[in-house]
Each structure stands twice: as C-alpha cells, then as structure tokens.
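A quick write-up on the structure given underneath.
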Amino acid sequence: MDYQFRDIEQRWQKFWADNQTFKVENNSEKPKYYVLDMFPYPSGAGLHVGHPLGYIASDIFSRYKRLKGFNVLHPMGYDSFGLPAEQYAIQTGQHPAITTEANINRYREQLDNLGFSFDWSREVRTSDPSYYKWTQWIFMMLFNSWYNLESDKAESIEVLVKKFESNGSEGIKAVSDDDVAVFTADEWKNKSDAEKQNELLKYRLTYLRESTVNWCPALGTVLANDEVKDGYSERGGHPVEQKKMMQWSMRITAYADRMLQGLDSIDWPEPLKEMQRNWIGKSVGALVKFSLTPTPSPKERGEPGGEQPGYMTADPAIWDILKEHSRQHRKDSTQAEDILWQHLRNSKTGYKIRRQHAIGTYIADFICLKKGLIIEVDGGYHTEIKDQDELRSEALNNLGFEVIRFSNEQVVSDPTGVSGKIKEKLNTLPDRILGDSDSLSLGEGRGEAYIEVFTTRVDTIYGTTFLVLAPEHELVEGLTTPDRKEEIQNYIDQTRKKSELDRMADTKTVSGAFTGSYAKHPISGEPVPVWIADYVLAGYGTGAVMAVPSGDQRDWLFATKFGLPIVAISDAQVNLDQEADPTKEGKYINSGIVNGLTYKEATGVLIAKLEELGAGKAKVNYRLRDAIFGRQRYWGEPVPVYFKDGLPYLISIEDLPLLLPEVDKYLPTESGEPPLGRAENWKYKGELEYELSTMPGWAGSSWYWYRYMASPEDRKQDVFAPADAIAYWKDVDLYIGGSEHATGHLLYSRFWNKFLKDLGYVVEEEPFKKLINQGMIQGRSNFVYRIIDESGRGTNKFVSHGLKSQYTTSAIHVDVNIVYNEILDLEKFKAFRPEFAEAEFILEGGKYICGVEVEKMSKSKFNVVNPDDLIERYGADTLRMYEMFLGPLEQSKPWNTNGIEGVFKFLRKFWKLFHDDEFNFRVSDEEPSKAEYKALHKIIRKVEEDIERFSFNTSVSSFMICVNELTDLKCNKKQILEQLVQVLAPYAPHITEELWTLLGNPAGSLSASSYPKFNPEYLVENEFSYPVSVNGKTRMNLSISLTLTQPEVEEIVLANEDLRKYLEGKSPKKIIFVKGKIINVVI
RNA sequence: GCUCGGAUGGUGGAACUGGUAGACACGCAGGACUUAAAAUCCUGUUCGCCCUAAAGCGAGUGCGGGUUCGAUUCCCGCUCCGAGUACCA
C-alpha cells in the first residue's frame, strides 16, 4: 500500500494516548531537560496555521533530547482566564467557564492532531480552582513580605514588625511608599492596630494605594502599562484615560535592578533583552532641590506692584512666626489629628487636604484649598484658642473659607464616619477659583518648600537658566502669581484638551507659560524663573526639570522660543546659536566651583557639594512603575482579601481557594462596583466585604511552569509544587514563544520567580535559561478583480491579475483555501458566495491568476489557513516538516502553502525506500555499501548539529538530500534505514513509528531508543576535487589526494595544461593552498 | 529621533569559524506515460552576450568604498524594509 498517512497517524496518536508514552517521572537517573511552550489563551477561533510553529519546534527538540538520553519535561496547558470569554459572556449570558471549556476541548483536539509528545497528565488551567488556589497563595506571600535593601531580598513582614518594635523606623532600608512615617519603637507600640496595618501597607510587596491608573471605560477596568499601546487598550483597541483610583499594586520596582542584572546571565534574543532594559529604564543621575524660600518678592525682582505672591495665604507680616508655629503643630500633633490625617491624606477623600496650614493670621488644622473648606479638631494641643472658636470661624469665613469642626472624641471613636462627613461636605461645595488666595504646599510637614528635579547631567547645573514643571505638577497652582493666573490656566486647559496621543504626536510645537515665580539655584544662589510646559512629563522623575538650554535640545528650543538665556558650560560646546550641544568633552566654563574640570570630576564634586548643602543627592531613577494588579472584571482570580474598618486583611490560608462567586450578569453593579459586587451573600465569615477586583491576566501565567513540575500524584499534596520536584527540574532549559510577551509575561514571571527564590520556595534566580522567539506567521491574502462599469457599479465579470490594468476593477478578498499557487478554482469560487454563482471570467493562459498581499491572518480577510484542513490533505508529519521547512524559526514570514507538495513527496519517497514497486514492505539484511553509509552518517551529523542550533529548516533539506541519494542508490538495507528512522523520528513521529514496528521493533519503543551514533570514518575521503582559481576566479576543478603537501600540490597544478592558458606565459607570484578547501593561483 | 533586526534567482530560502554563491523545495518550460486529465517520472531553469546548441566569455548576494591571494561573510559610509520605543530630563 502507498503511504496511508491518515490511518497511520490516527493509529499512533491513539497508541501514545492509551499507553501514556510521554508521561514523565520526577525521579530519574537521566539528566533533566525542561522544554516549555508559552501556553495559549484558548480563544474561540481555534488554532490557525501560525500557532503551532513554536510547538512543532519544541516538540522536535523534546523528542530529540529524549533520544539523546534526557528525562524531558514537555508539558502543555491553558491560560484560561481572560477578557474574550468575559466579553462573550456579557453578550450572550453564557458563563465564561462553559465557553472556556468548549474552547479548550477544541484546542486539545487540534493539538492532538499534530502528534505532539506532551505529557498531558500535567496539564494546567489557570481558571481551575485547584490551580488558582496557588496563584492566590502567592499573592498572600507577597502581601506578607517587604523588600529589605540591606539583604537585597524579600523578607517576611514579621521581620519588619520586629525591627519596628525594637528600633522604630530608624535604620530601615526598604523599598516602600514615599510617605512612610518616622517613629520610635515606643511610638510604634502605642499605635493602634489599624495604624500599624496602615503603615505596614506602605512596605508590603503587594499593596493598596491610590495611584494614577490607565482606566479603560469601554472595558470598565484598569490596565497595566504593558496592556496599553499608544493610548489604546491592547485587547479591543478602546481609548484609555488616566484616572486616580485606590488600586492593588505589586512592588515590582523593588526588583528593578536584579531584573536588569539577571538579563546578562540568560540566553535570550538580544532585541528582547533590550526591550526589557528599556522598559526598566534605569538612569543614573541626581535629585536636586531648588528652594522656593525665600522667594524674591515682586520688588526684589524689580517688577511693579507690591502684592504678595499668590501662593501665600498667610499674613505676610507675621509669616515667619506662623511658619514656626505650623511646624511645631505638625510635630506635636494630637492623636485625633493623626488618626484623621490618615483618613484624609493622599487625596483619600478625592481632594487634596493640607494640614497645619497658615491662613491669614491663623493656622488651620486641615484645609482643602480647592474647595475652601477648613476642618478643625477641637481640644488637645491648641485648647488655648478654644474660646475664640467662633471668632475664628467668622474671620475665616470672611477670607472665603468654610469651617467644620469635630471633637477629639468623635474623631478617635469613629474616624471613618468623620472622614465620610468631610467627604460629603467637600462634594457639595463648589470649586474655589484657581489661584485665588491659594497657597503653596509646605510639603506636608517635611520642611521648606522647594522644587525637586531629576537630572542625569548634574555636571551642567550651572547652565540652568530656568526650571520647567509639568502642567499637572502639584506646585503649579501655588507658584502662579496673580498676574500670570489667566495665562497659566489657559495653558493648562489647552494641554488637558490635547489627548495623550496628540501630545505624543505633536512633539515639534514648542509651548509653555511662565508662572511668575522664581526658584533659587542651589549652588550659585541665582534666581531661576519657573515655567510650565507639556514637554515635561508628570509621570517621570519628579515631574520637573532643570532646563539647560546649552546642553539639551528640548531646553534649547524652549529657550529660543521664549527668549531665555543660553549659557555655555563647556569649552567644547559649539554652534550654540544653531542647536544644543550635549557633549561631555572639554573643560567646564561659567561653572563656579567646577570651572576647568572634566565631566567625571565635575559630577563627583557637584554631588558632594549638593549633599553638603542638603540640596541634592545621587539618585538612580527607573522608568519601571509598580504593576497595577486589580482588574474590575469577573473572569479572573478573586483577590484573597477582605476589608475591616477600611483596611485590607488577608483571608485565612485554610480558606483557599477563594472561589469565584456566581453572578447574575457579568457587568458592573449600578453603583459602579466591579461585577463581583453582584454576588449574593458573598462575604468573608458571612459579614465582611471581600475585595471586588480580580487579578490581571498575567497573574496565573507568572508561575505556571512550576505547577507542571508537580506530577498528578504530587498535586494531592498541599503545596504549589513539591520541593523535591523543584530541586530536580530547577528551571526551564528551553522556552519557546512570541516576542509580544517581552514586557508583560516575561517580566512579571521573572519578578515572581525572584520573589519565590527569596522566600526559599524555588532554587533558581532566573526561570528561563534559554528563550527563542518564533517568528510570526502572517496571512497571505488572495484577491480577485471585479470589473467596474462606467457608472462605477460592480459587474459580474472578473479579470485575471495580469490583465487587470486594462480595466477598472475593485479588488475583493477571496478565500485562500480555493486558490492553489495563485490559480483560482473557478467552480469553488462560484460556490464561495451566492453573488458569484453566475460569475464570468477573463482568463490569461486559460487560468485565473489571483493577486497577493501580506496581511495579518484574520477571518475577515479570508486568509486563515486551518491546520486541520492541511492535515486532512497531507497528514500531520507533512505539516510539521513543512512548517519547519518554511524558513528559520525566528524569522517572521507570510504563510504560503505552495511548497507543501514537495515535503509530501519527500515522505512518500521515504516510505518507498522500505517498499518494492507493488508497495510490499521489503528491506534487506545485506551489508550496506560505502556510499550508503556515507549518506546515513552525513544526515546523522547534520541533524544533530542543526537541532542543537535550532536550525530546523536546514535539517529538512538535508533529509531530502539523503532520501534522494538513497533512492538513487536503490538502498533498502535495514542497517541504514533503521537508523534513518531514528534520525527522522523527532520531525515525523507517525511515519517513523509505523516503519519502526514494520522493521520488527516493539510498538512504541522508538522514543525510548537512542539517537544513532555518528561515525566520522564513513565520511573520510582520500581525494578532494579542488576548485582551482586564478586571481580569485574559479577556473576548473582538480581531483587531488588529501595526503599531499603544498609543494606536491603546486607541482601538479602547474603541470596542468588547462591552467597554462590562464597563466599567459607568466609564472605565478604565489599559490594559496588550503587543504580540503581551495587552490588559488595569483599571477 | 533612538535601539535592534534584515536586504541573496520568478518565490521560500541555503552557504555554520572569509574558501566552487544560489543547496533543498516551489514555480515555470520542455519531454515520457495516457484517448485525455490527474498522479508519476525525466531534462532544463541567476542574468547578459554569441542565429541555435555545445563550448566559452562577462556580470552578479541593496548602493558606494576599504581590508584580503580570496568577501554574501570582516570594516567604514549610505539607501530601503521590518520590529520595538519615545518629549525619560
């Protein structure tokens, strides 16, 4: 019988499944090898021909490694939480679990059809409670940890608590929020439980904090930075806006430096490492403070008017006294004030609140300048002015402020209630007019007012001729002088109107506005004007820059446009009237204490000076932000947290997994809560509110490779993966997947891996030793050309591609599955759509040739090629080999089925080697000839080399060469063919299993056999046909023994008749002889 | 703008540390078998020149230069294409 691939493939796929041929054990004498594919999200569309590319490569590699004597872990699973199933649920009401299950079954069927050697007993699904139990468990571990910079690793939060108990906050070096409190051990012990929890939250590796987030209204959820592309959501392409919200975040920034360093130790594609480096965005520089006090008054600045600067609400006459008082008050704050402050700070009410702020001749306890509301707490420290309360209120009312009062007892007993009342009041009050007797923040009790900037070029500090703040910067309101109010407000409005996209696109227009205020240069003491401009980003560094127009092109453009001075700071700078010169060469000029120094010297001197002045320090800045972890969606892992008195607490570990509750609809509640808010009676211990957000898509995929290490038996144990299994498998040796996960999955996975290592649960610092990005398979669309008549309407006539220029036509996508080698199947086309049933054609050469274009593979373009169809026609072995034959694995390429016939022919030819002309199986036991051995050992070596360097396409060519040679030799020797079967087995597992048993081996024993041993003796030649070139141009071939030395070879060459023609009577200057390679005669 | 890739026949691609450029396959052309088609097999196929063929000659790996006996490969400069990223101070 001819090659019956359908029968063979189905039979062997069933055999592998029934016999669990590829089930792997965790204990083995063999060395381990872990081959991992990025597990798929099971979408409704099923697999197209591009998806299996990486899986085929990893399967070939796994099968090869098994033959090479390794214990290979090669698992597969599903990343089964995600948006599409939920969107479908919203539209149809069908539970996402049902959709997901159906999709997984479809995926499994398609994967099985390709004959992969996965160990399915270890399958994982991220949406399975037995799996997400451990995702939730890791979340809890993160919540219970902080990052100790001294040991440079994550540690239990208990360790931090012990430190607080013994030494207070002193000497703690941690990655934390910016606003951590300073306290002694006693103060810590005296704190209430709520206060302690609130403080610890600033250290935990997963934490709840008000953050600016990417909010996608269409999806109704927040998104992480890597899920937003150019201001639109990656999934669905909906607009994304910035919004402040209370959100769960992961302190990934704690690992920024370790993630950067780790990149040097792993074998990943360079572009991908580069993307991670950019994403982490480390820049080494300095923070510099430009102080705002004393600020030159209008008079001092030589400007008209004696009006007080707009940012001061205090009576200037007694400002100095008030300043001292307010500082003192902040230090000696009462317990009630502290408690209330914790509820008001960080805009928890939705508005910015300041404490102990001077107004007129008074100091208010708390004030919201935007709404003009003053909150006073009576009793305690400032009882001495209690009698004057009414008078005070009246005076403040006159200044345009409203006052509400609470008693100490009220605040202490029910701080949440009090803050609720404040919130209510704030919501009812109208906004005060911006800048109107508004005041400058004094840094919430942290000292003098200043503008802090981040710079990577401290050395240029003397060239600073102005400061620029982002329009959103919190000091802008306070800094604006009354005369500039309108201009600044206009500018802010104008920037706000510009969308994020416009702002990015329009980088050429220089715009900005002057606040009217000046800051003091920290070293020279010169006044420096403060501007705002949208080229400064609020989100990076401190949202403020020192502008050095001589060294930075953006600053130069700004200075030029607004007529600000440009001061050269280096004798090497040139053409400063044309553009900025950021050179680090030369010696400094106009630069005070660093005049005459070089770049390196100046940087050191200046940082030392700034530190001495308390005006700055060296600082490493990262672009990487903490990862927002909550999603306001249904189909994800519930966060194992409940709330008590407004503070988050972990549920008990025994209560894991916290199951996803049922809901009536998959939409937000009427009050805007996430879908989980709809769940009925879903309360911790029956009464406490659960967190209603779910985890993001990347949670489940950030540790899944460890779950595969747990065998089905292991999974009965109460652990994410047993320690001995982790000790054995360690890490992933080879990871294959797409580069689109560069800054998402691959970054988060490294983060969680490092965290788990810090806690001692895993053994390797990096999870994926070697990574390969398979190229994207693009679609290849075919077109037919419909002729358009004079009135511009489509006719029923279609013209072949080569003749279309003679007509007016419109191109129409046509299903690529009815086009072969660009020739349209006319009958199938007529059946393609009813409107084409009566189509007429203008042919060329009797054929209708279609047009071609490379586009993304998608249903709407009719260019999706389904692997099932190809397997039906050619078989899985052919498809596997053809996908490899297309080109280098890492290269992106359009799918083109045109060459598949060649691979199919190859497999039939291979089958023929084992059969006679009547297709009877017939092999001979005769001793093979030298030529036959040579053909075999060439392929043994070649495939080994190719697989080791992941060059699968070249192996396929070599197989063809080998089979062509053996066919020519009419070889049917068992000794040759049996080994050839083993060499081909990783690529074409079905046909080789079949032939392996026909050769008399036990069924299924092929993958347990071993790769044939290469014997170089069969390749030894004693002669070589040397290309002989004259002056580098090849002229002839000469067969010469390989044993000869150069003088002997030269003699033979020079004696040659044909060569003399080229010598033209001259004698050669030199003869180059490379043994086994070439002879070159130089005249 | 910056960073990283890439450019080889009609097409996909090969040539691994500099050593016969175009392996292998597709497509195309011609032929065999066949009533015919499909399938299969055989021959040719980088381009140009010489009427044709053989033989031969010349050019040739995006462009321009360089190093070398010899460059698709190494170096310098440029063009184009792709990917990532972006007022990151």
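Just so it is clear, the structure is predicted and the values come from calculations on it, not from any experiment. Below, each value reflects all heavy atoms present in this structure, side chains not excepted, and no hydrogens, waters or symmetry copies.
The residues A:E452 and A:K617 are annotated as not salt-bridged, no charged nitrogen and carboxylate oxygen being separated by less than 4.0 angstrom. Look at A:K273 and A:D267 and you find no salt bridge, because none of the NZ, NE, NH1 or NH2 atoms lies under 4.0 Å from a carboxylate O. Between A:R6 and A:E872, at least one side-chain N (NZ, or NE/NH1/NH2) sits under 4.0 Å from a carboxylate O, which counts as a salt bridge. Classification of A:E945 and A:K942 as a salt-bridged pair fails, no side-chain N sitting under 4.0 Å from a carboxylate O.
In terms of position on RNA chain B, the residue among A:K1077 and A:M546 whose nearest nucleotide sits closer to the 5' end is A:K1077. In this structure, A:S892 and A:T542 both approach RNA chain B, and ranking their closest nucleotides by distance from the 5' end singles out A:S892.
Rounded to the nearest Å, the gap between the P atom of B:rA55 and that of B:rG44 is 12 Å. One C1' atom belongs to B:rG22, the other to B:rG31, and the distance between them is 26 Å to the nearest Å. B:rC47 and B:rA29: their P atoms are spaced 15 Å apart (whole Å). When the P atom is compared between B:rG64 and B:rG9, the two are found 15 Å apart, to the nearest whole Å. Comparing B:rU8 with B:rA71, their C1' atoms are spaced 14 Å from each other, to the whole Å. Distance noted for atom P between B:rG66 and B:rG48: 29 Å (whole Å). When the P atom is compared between B:rG19 and B:rU73, the two are found 11 Å apart, to the nearest whole Å. Taking the P atoms as reference points, B:rU45 lies 9 Å from B:rA54, given to the whole Å.
Atom CD of A:Q778 is separated from atom C1' of B:rC81 by 12 Å (rounded to the nearest Å). As a whole-Å value, the separation of A:E270 CD from B:rU85 P is 17 Å. Rounded to an integer number of Å, the gap from A:Y1026 OH to B:rG19 P is 16 Å. Rounded to whole Å, atom P of B:rC16 lies 13 Å from atom CG of A:N953. With rounding to whole Å, A:K273 atom NZ is found 19 Å from B:rU3 atom P. Rounding to whole angstrom units, CZ of residue A:R277 and P of B:rG84 are separated by 19 Å. The nearest whole Å value for the distance from the CZ atom in A:R1035 to the P atom in B:rG70 is 15 Å.
With its glycosidic angle more than 90° from 0, B:rG22 is assigned anti.
Contact annotation: A:Q891 side-chain N/O to B:rG13 OP1/OP2 distance is under 4.0 Å. A close approach under 4.0 Å does occur between a side-chain nitrogen or oxygen of A:R623 and OP1 or OP2 of B:rA86. The phosphate of B:rG12 (OP1 or OP2) has no side-chain N or O of A:K893 nearer than 4.0 angstrom. Taking 4.0 angstrom as the limit, A:K905 places a side-chain polar atom (N or O) nearer than this to OP1 or OP2 of B:rC26.
With hydrogens and angles left out, the side-chain atoms of A:D555 and A:Y535 include a donor and acceptor closer than 3.5 Å. Side-chain N/O atoms of A:N964 and A:K909 include a donor and acceptor closer than 3.5 Å. At a cut-off of 3.5 Å, with distance as the only test, no side-chain donor of A:Y622 or A:T253 sits close to an acceptor on the other residue.
In this structure, of B:rG19, B:rC88, B:rG84, it is B:rG19 that holds the atom nearest to the side chain of A:N1080. For A:R554, whose side chain is taken as the heavy atoms from C-beta onward, the closest listed nucleotide among B:rU20, B:rC88, B:rU40 is B:rC88. Nearest to the side chain of A:K1070, among B:rC69, B:rA25, B:rC87, sits B:rC69. For A:I1072, the side-chain atoms get nearest to B:rG19 when compared with the rest of B:rC24, B:rA89, B:rG19. The side chain of A:F885 lies closest to B:rA25, out of B:rA14, B:rA25, B:rA23. Considering only the side chain of A:E274, B:rU3 comes nearest among B:rG19, B:rU3, B:rA15. Listed candidates were B:rC4, B:rG84, B:rA25. Nearest to the side chain of A:P271 is B:rC4. Closest contact between the side chain of A:P888 and the listed nucleotides B:rA14, B:rC16, B:rA89 involves B:rA14. Out of B:rU40, B:rC24, B:rC69, the shortest distance to the side chain of A:R908 is found at B:rU40.
Using a 4.0 Å heavy-atom criterion, one finds that A:I961 contacts the sugar-phosphate atoms exclusively. The residue A:D555 sits apart from the nucleic acid: no heavy atom pair falls under 4.0 Å. Within the 4.0 angstrom heavy-atom criterion, only backbone atoms of the sugar-phosphate kind lie near A:V1082; the bases stay farther away.
Of all nucleotides present, only B:rG6 satisfies the Watson-Crick or G-U wobble test against B:rC80, with each distance under 3.5 Å. Summarising the base pairing, B:rU61 is matched to no nucleotide, lacking a Watson-Crick or G-U wobble pair whose two defining distances lie under 3.5 Å. Across every strand in view, B:rG56 sits in a pair with B:rC49 that passes the Watson-Crick or G-U test at under 3.5 angstrom. Nucleotide B:rC69 forms a Watson-Crick or G-U wobble pair with B:rG19, both donor-acceptor distances falling under 3.5 Å. The partner of B:rA25 is B:rU11, judged by Watson-Crick or G-U wobble contacts that both fall below 3.5 Å. B:rA32: Watson-Crick or G-U partner is B:rU40, with both key distances under 3.5 Å. With a 3.5 Å ceiling on both atom-pair distances, the Watson-Crick or G-U wobble partner of B:rU85 is B:rG1.
Not a single donor-acceptor pair, N or O on each side, falls under 3.5 Å between the base of B:rC26 and the side chain of A:N898.
Qualifying salt bridge (Lys or Arg N to Asp or Glu O under 4.0 Å) partners for A:R457, counting only residues two or more places apart in sequence or in other chains: A:D459.
A ring pair (Phe, Tyr, Trp, His ring centres under 6.0 Å) with A:Y882 is found for one member of A:W895, A:F952, A:F906 and no other, namely A:W895.
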